[in-house]
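What follows is a set of notes on a single structure, which appears directly below.
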Amino acid sequence: MSDIASAPQAEDELSRRTERLEKLTAQYGNPFDVTKFDKTHSALSIKEKFASLAAGEKTTQVVRVAGRVMAIRNNGMFVDILDDSDRLQVFHDLKNTEPTRIELLKLLDFGDIIGVEGTVRRTPRGEITVDAVKLSVLAKALEQPPEKFHGLKDIEARFRHREQDLVATPRTRETLRARYKMVAAMRQFLYDRGFLEVETPMLHVIPGGALAKPFITHHNTLDMPLYLRIAPELHLKRLVIGGLSEKLFEINRCFRNEGISPRHNPEFSTLELYQAYVDFTAMIEITESVIFHVAKILHGSGKVKFGDIELDFTPPWPRKGMVDLIREHTGVDFYAANNAAKAREQAKKIGIATEPGISWGQVVEVVFAEKIEDQLIQPTHVIDLPKEISPLAKAWPDRPHVAQRFETYVNGWEIANAFSELNDPREQRARFLEQAEQKRGPDDPPHPIDEDFIKALAFGMPPMGGLGIGIDRLGMLMTDSPSIREVIAFPTMRPVD
RNA sequence: GACCUCGUAGCUCAGCCGGUAGAGCAUCUGACUUUUAAUCAGGGGGUCGCGGGUUCAAAUCCCGCCGAGGUCACCA
């Protein structure tokens with residue numbers, strides 16, 4: 001001990017900690033040789049089990065706990081450890097501890113992983129504490145964690161070094177745990193309803209099921225380009241066509257090579273679900289039920305705080321026609337302006353310039369996005385979307401330019417999209433061709449048609465409803481997170497030089 | 001891609017009408033010893049994102065680059 005005290009000060013933290021590791025190894029064995037520690041309790045389970053202890057009351061109950069050293073107070077007399085359940089205080093009575101253990105205690109650093117055996121008591125100040133009788137270092141931290149009080153504030157550092165963020169920021173632990181708990185709850189909900197969870201390709205020959213710029217990669221042996229999927233939709237339908245299951249879903253990643261924003265990450269997760277022999281109204285019911293279920297699991301009710309507002313996910317949610325909403329908010333009736341030219345003219349009247357050559361449906365879509373979208377705060381199903389912007393949805397037989405489709409909006413964001421799936425292969429081909437001709441951005445290549453999918457439809461797809469829910473955005477709503485990056489463990493970042 | 005803002009010690013931040021860098025936590029030494037962001041005293045630690053320019057002198061002013069956040073654009 002005295003030799004540590006008199007040793008020349010290490011020029012940096014890394015060498016200081018490395019020296020301690022060497023000393024540890026020499027005197028107590030290399031902590032990195034340790035392969036296991038028989039934990040009997042989590043921090044939280046101890047606090048719960050001994051909740052009734054009075055201040056100053058001791059027990060003889062021996063427990064074994066382990067976690068990361070988060071604070072060392074009073075010369076090592078008090079050490080706080082953090083495990084995945086909670087923080088817990090460990091006590092060493094320095095007057096009555098054998099010298100070898102005191103030496104070991106003095107080699108501890110903020111951030112080390114330790115195991116402790118001891119008895120439980122509540123201190124006179126009321127803290128549940130483990131009086132240590134054995135102490136072992138299970139891993140040495142050669143880098144120090146962020147500062148214990150302010151934690152890691154720098155947003156960039158938080159996302160680049162998420163493990164440090166997790167150690168330093170309780171909110172990060174809560175947010176990510178809630179996100180994964182939400183996903184688990186969604187899965188369980190769907191299992192309970194008899195849905196089969198499936199997996200479909202991430203690597204697509206033709207990126208279909210949506211209109212978005214894909215990531216391109218290359219397969220060496222096949223010597224061909226492959227695309228990271230932008231949506232799983234077409235493959236999932238093919239599984240239903242084949243009769244694998246009449247109710248199936250996939251929760252997995254999609255990739256879109258587009259802008260990054262507080263609501264967009266290049267890779268993001270969706271739930272896509274298909275159920276044969278039902279229409280889009282059944283998808284409305286599932287959307288409301290699964291999200292209400294998640295809200296209850298995470299918050300105990302359908303009411304969820306988000307920023308300054310309280311969202312209420314208690315079903316049923318209002319259903320509003322897209323064109324009707326526009327009429328209510330602007331006075332313009334796009335059912336009256338029933339062709340592209342009239343629609344563009346009406347849009348211009350309310351200050352929205354549109355590209356020449358776009359369809360009636362696209363005008364409606366643009367006006368909706370500009371005038372309505374961000375006002376839909378409480379959960380709302382927007383129904384009756386134009387057929388022209390719904391190439392995979394059935395239109396109403398008696399309203400041929402309106403699709404049997406809805407999008408659910410919360411806090412101004414689209415979080416769900418569903419329709420009665422188009423199952424006529426001839427109609428589907430025509431829609432794809434139409435879509436391929438539609439003007440997009442000047443640099444966008446024409447969208448290729450997935451003939452395998454058309455052919456699959458030709459084998460006969462049952463009428464069915466399909467639903468997509470954006471997991472990340474729902475996660476943001478459920479965790480009061482203003483940025484999508486908060487609910488993604490490792491958001492996409494540009495590397496530092 | 002455009003615009004605005006930011007980048008100073010391991011972490012959180014101050015300094016920025018130019019004069020050569022500070023605090024708290026962390027760390028080291030000592031004291032104290034039932035603490036709770038422990039306390040007290042004393043140390044060490046910085047290519048002020050990178051590069052260039054102006055100037056006697058640049059963390060500070062100017063330009064470029066890199067990274068980040070935001071707004072917009074983009075976005076089935």
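Letters A, B, ... are given to chains in the order of the sequence lines, protein chains preceding strands, and every chain is numbered from 1.
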Problem - Qualifying residues under side-chain hydrogen bond (donor to acceptor under 3.5 Å, both in side chains), relative to Asp154(A), sequence neighbours excluded - result: none

Exercise for the section: Using a heavy-atom cut-off of under 4.0 Å over every strand shown, decide if Leu14(A) touches base, sugar-phosphate, or nothing. Expected result: nothing

Which pairs, protein N/O on one side and nucleotides 46-51 of chain B N/O on the other, fall under 3.5 Å?
none

Handout entry: Whole-Å distance separating the CD atom of Glu19(A) from the P atom of U29(B)
Key = 11 Å

Practice task
For the pair Trp396(A) and Phe280(A), name the ring-plane relationship: parallel under 30°, tilted 30 to 60°, perpendicular over 60°.
Solution key: perpendicular

Problem - Phosphate-side-chain proximity, Lys148(A) and A26(B), N/O vs OP1/OP2 below 4.0 Å - result: yes

Handout entry: Donor-acceptor pair (no angle test) under 3.5 Å: Glu147(A) side chain, A37(B) base
Key = no

Problem - Length of the NZ-P vector between Lys106(A) and A31(B), whole Å - result: 10 Å

Fill in the blank from the handout: Assign each of Gly151(A) and Arg87(A) the nucleotide of RNA chain B bearing its closest heavy atom; nearer the 5' end lies the nucleotide of Gly151(A)

Problem - Listed partners of Ser45(A) passing side-chain hydrogen bond (donor to acceptor under 3.5 Å, both in side chains), at least two apart - result: Ser42(A)

Practice task
Could you check whether Glu143(A) gets within reach of a base, just the sugar-phosphate, or nothing at all, counting any heavy atom under 4.0 Å?
Solution key: nothing

Exercise for the section: Check the distance between C25(B)'s C1' and Gln144(A)'s CD and give it to me in whole angstrom. Expected result: 10 Å

Exercise for the section: Look at all strands and tell whether Pro145(A) reaches a base, only sugar-phosphate, or nothing, counting heavy atoms closer than 4.0 Å. Expected result: nothing

Practice task
Both distances under 3.5 Å, Watson-Crick or G-U wobble: report the partner of C6(B), or none.
Solution key: G67(B)

Practice task
Measure the distance from CG on Leu88(A) to C1' on U36(B) and round it to the nearest whole Å.
Solution key: 13 Å

Problem - Nucleic acid contacts - residues 72-83 of chain A versus RNA chain B, non-hydrogen atoms under 4.0 Å - result: Arg73(A), Asn74(A), Asn75(A), Met77(A), Phe78(A)

Exercise for the section: Name all residues meeting the side-chain hydrogen bond (donor to acceptor under 3.5 Å, both in side chains) criterion together with Arg494(A); count only those two or more places apart in sequence or in a different chain, and write none if there are none. Expected result: none

Practice task
Identify, with sequence neighbours excluded, every residue that meets side-chain hydrogen bond (donor to acceptor under 3.5 Å, both in side chains) alongside Glu174(A).
Solution key: none

Exercise for the section: Looking at every strand, decide which applies to Asp154(A) at a 4.0 Å heavy-atom threshold: base, sugar-phosphate, or nothing. Expected result: sugar-phosphate

Problem - Distance under 6.0 Å and angle within 45° of ring axis: Arg429(A) vs Phe453(A) - result: no

Fill in the blank from the handout: Answer for the Watson-Crick or wobble partner of U39(B), both distances under 3.5 Å, is A31(B)

Handout entry: Salt bridge Glu233(A)-Arg238(A), side-chain N to carboxylate O under 4.0 Å
Key = no

Problem - Asp472(A) and Arg179(A) ion-paired at < 4.0 Å - result: yes

Practice task
Pick the P atom in A21(B) and in C16(B), then give their distance to the nearest Å.
Solution key: 15 Å

Problem - Side-chain ion pair, Glu103(A) and Lys106(A), N-O less than 4.0 Å - result: no

Problem - Short side-chain N/O contact from Arg158(A) to OP1 or OP2 of C11(B), under 4.0 Å - result: no

Practice task
Could you measure between the two C1' atoms, the one in U39(B) and the one in G24(B), and give it in whole Å?
Solution key: 15 Å

Exercise for the section: Can you tell me the distance, in whole Å, between the CD atom of Glu407(A) and the P atom of A76(B)? Expected result: 10 Å

Problem - C1' gap between C48(B) and C13(B), integer Å - result: 13 Å

Problem - Same-atom distance (C1') from U71(B) to G64(B), integer angstrom - result: 24 Å

Exercise for the section: Using the C1' atoms only, state how far C74(B) lies from C65(B), rounded to an integer number of Å. Expected result: 25 Å

Practice task
For nucleotides U8(B) and G15(B), find the distance between their C1' atoms and express it as a whole number of Å.
Solution key: 9 Å

Exercise for the section: Using only side-chain N and O atoms of Arg16(A), determine if any of them is under 4.0 Å from OP1 or OP2 of U27(B). Expected result: no

Exercise for the section: Taking only Lys NZ, Arg NE, NH1 and NH2, and the carboxylate oxygens of Asp or Glu, determine whether Glu421(A) and Lys237(A) approach each other closer than 4.0 Å. Expected result: yes

Problem - No-H, no-angle donor-acceptor pair, His150(A) side chain to C25(B) base, under 3.5 Å - result: no

Exercise for the section: Look at Arg160(A) and A68(B) and indicate whether a side-chain polar atom (N or O) is within less than 4.0 Å of OP1 or OP2. Expected result: yes

Handout entry: Arg122(A)/Glu57(A) salt bridge by N-O under 4.0 Å criterion
Key = no

Practice task
For Thr492(A) and for Glu365(A), find the nucleotide of RNA chain B with the closest heavy atom, then tell me which residue's nucleotide is more 5'.
Solution key: Thr492(A)

